[in-house]
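Single-structure report; data block below.
In this chain, numbering begins with 1 at the start of the sequence shown. These numbers come from the heavy atoms of this one structure, side chains and all, not from hydrogens, waters or symmetry mates.
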Amino acid sequence: MPESVWVAQSDPRVRPMLADLAREYSARYHRVLSDVHFELREYPPERFAPPHGGLLLLLADGVAVAGGAFQRYDGETAELKRIWTHRAHRGRGLGRRVVAELEAEAAGRGYARIFLTTGPNQPEARGLYLATGYTPHFDVHAVPRTSLPFSKALIAVVGAR
């Protein structure tokens, strides 16, 4: 079972996650890979640092196999970002584990809600959020053309643990 570690965005173990996300976003949204990678890497690192945020990696033999982050959205809401599972490790529930650990950490930091968006070309992410109890704020029966917003109350998450 992979080990959970909270890290800074500058940690070298984060690089494979950012590079893979850049490849995925570039392929799915037909954007220039170097531009997407720059946006991911250069996002202000303090956004994903305590006390308002965090960046989680799941490591197998010291190598990142899944991860994700959260940042402050508003005074009571954290926003999940960068939920990722390496393609060789998909289908093992690691995405669910990342989401659960991010939710627990955000709740422990005093957030009452989670907000997130995913792209219209990411059906795996859409399925993950629907399966983990997120409320969709879009027509789930329509063909998505824009970002798909979701939210979840953390009070229910904390009460269930």
Side-chain angles (χ1 to χ4, degrees), residues 1-25 28 36-37 39-119 122-137 147-161:
M1 174 173 272
E3 164 193 20
S4 298
V5 295
W6 291 93
V7 298
Q9 182 169 293
S10 60
D11 189 303
R13 296 173 294 183
V14 175
R15 286 188 205 129
M17 177 177 89
L18 296 180
D20 199 34
L21 284 170
R23 277 190 297 278
E24 287 276 340
Y25 296 162
R28 290 177 191 233
V36 177
H37 192 256
E39 289 172 16
L40 287 166
R41 191 180 66 251
E42 296 303 317
Y43 208 88
E46 62 272 7
R47 300 290 302 260
F48 303 118
H52 300 296
L55 199 155
L56 172 73
L57 291 178
L58 300 184
L59 305 176
D61 299 320
V63 176
V65 296
F70 71 92
Q71 65 181 1
R72 179 186 176 104
Y73 184 76
D74 65 30
E76 63 181 36
T77 308
E79 180 180 16
L80 297 191
K81 303 289 280 180
R82 302 179 175 173
I83 309 303
W84 165 79
T85 302
H86 186 283
R87 73 177 33 103
H89 297 272
R90 291 181 184 163
R92 296 177 30 201
L94 297 179
R96 284 178 183 251
R97 181 172 162 200
V98 166
V99 168
E101 290 194 34
L102 292 170
E103 289 173 350
E105 185 68 18
R109 303 255 188 100
Y111 290 110
R113 285 178 26 126
I114 294 284
F115 173 78
L116 63 90
T117 60
T118 192
Q122 296 176 282
E124 308 91 339
R126 175 184 162 151
L128 171 65
Y129 304 131
L130 290 171
T132 53
Y134 281 78
T135 300
H137 299 284
S147 292
L148 307 175
F150 292 86
S151 66
K152 185 177 191 178
L154 287 177
I155 289 92
V157 172
V158 173
R161 293 189 193 279

Criterion salt bridge (charged side-chain N to carboxylate O under 4.0 Å, His left out) against Glu124, the qualifying member of Arg28, Arg87, Arg90: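 The single option meeting the salt bridge (charged side-chain N to carboxylate O under 4.0 Å, His left out) with Glu124 is Arg28.
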
If you look at every heavy atom in [X] and [Y], which pair is closest and at what distance?
{"X": "Asp74", "Y": "Arg72", "result": "O-CG, 3.6 Å"}
{"X": "Glu79", "Y": "Leu116", "result": "CG-CA, 4.5 Å"}
{"X": "Arg113", "Y": "Ser151", "result": "NH2-CB, 3.9 Å"}
{"X": "Tyr111", "Y": "Gln71", "result": "OH-C, 4.5 Å"}
{"X": "Leu128", "Y": "Gly95", "result": "CD1-C, 3.9 Å"}
{"X": "Asp20", "Y": "Thr85", "result": "OD2-O, 4.5 Å"}

Leu102 vs Ile83, side-chain contact (heavy atoms from CB on, under 4.5 Å): CA-CA, chis, key distance, verdict: CA-CA 10 Å; Leu102 292 170; Ile83 309 303; 3.3 Å; yes

Trp6 CH2 to Glu105 CD distance, which is reported to the nearest 0.5 Å: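 These two atoms lie 4.5 Å from each other.
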
Euclidean distance, Leu55 CG relative to Arg47 CZ, rounded to 0.5 Å: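 Here the interatomic distance stands at 13.5 Å.
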
Residue pair Val63, His86: steps toward the side-chain contact (heavy atoms from CB on, under 4.5 Å) verdict: CA-CA 10 Å; Val63 176; His86 186 283; over 6 Å; no

Full working for side-chain contact (heavy atoms from CB on, under 4.5 Å) between Tyr25 and Gln122: CA-CA 9 Å; Tyr25 296 162; Gln122 296 176 282; 3.3 Å; yes

Residues, nucleotides or ligands: over 12 heavy atoms within 6.0 Å of Tyr73 OH: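 Open.
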
Pairing residues for Phe150 by the ring-ring contact (aromatic ring centres under 6.0 Å, His included) criterion, not counting sequence neighbours: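 With sequence neighbours excluded, Phe150 shows a ring-ring contact (aromatic ring centres under 6.0 Å, His included) to Tyr129, Phe138, given in chain and number order.
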
For His52, ring-ring contact (aromatic ring centres under 6.0 Å, His included) partners two or more places apart: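 Applying ring-ring contact (aromatic ring centres under 6.0 Å, His included) to His52 gives none.
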
Any Phe70 side-chain heavy atom under 4.5 Å of Ile114 side chain: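 Of all side-chain heavy-atom pairs linking Ile114 with Phe70, none is under 4.5 Å.
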
Criterion side-chain contact (heavy atoms from CB on, under 4.5 Å) on Trp84 and Glu24, from CA distance to verdict: CA-CA 10 Å; Trp84 165 79; Glu24 287 276 340; 5.8 Å; no

Main-chain N/O of Thr132 paired to Lys152 side chain as donor or acceptor, under 3.5 Å: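 It does hold such a pair.
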
Test item: side-chain donor near acceptor, Arg97 and Ser4, under 3.5 Å: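 The answer is yes; a qualifying pair exists.
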
Residues that Arg13 engages under salt bridge (charged side-chain N to carboxylate O under 4.0 Å, His left out), provided they are two or more places apart: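 Applying salt bridge (charged side-chain N to carboxylate O under 4.0 Å, His left out) to Arg13 gives Asp11.
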
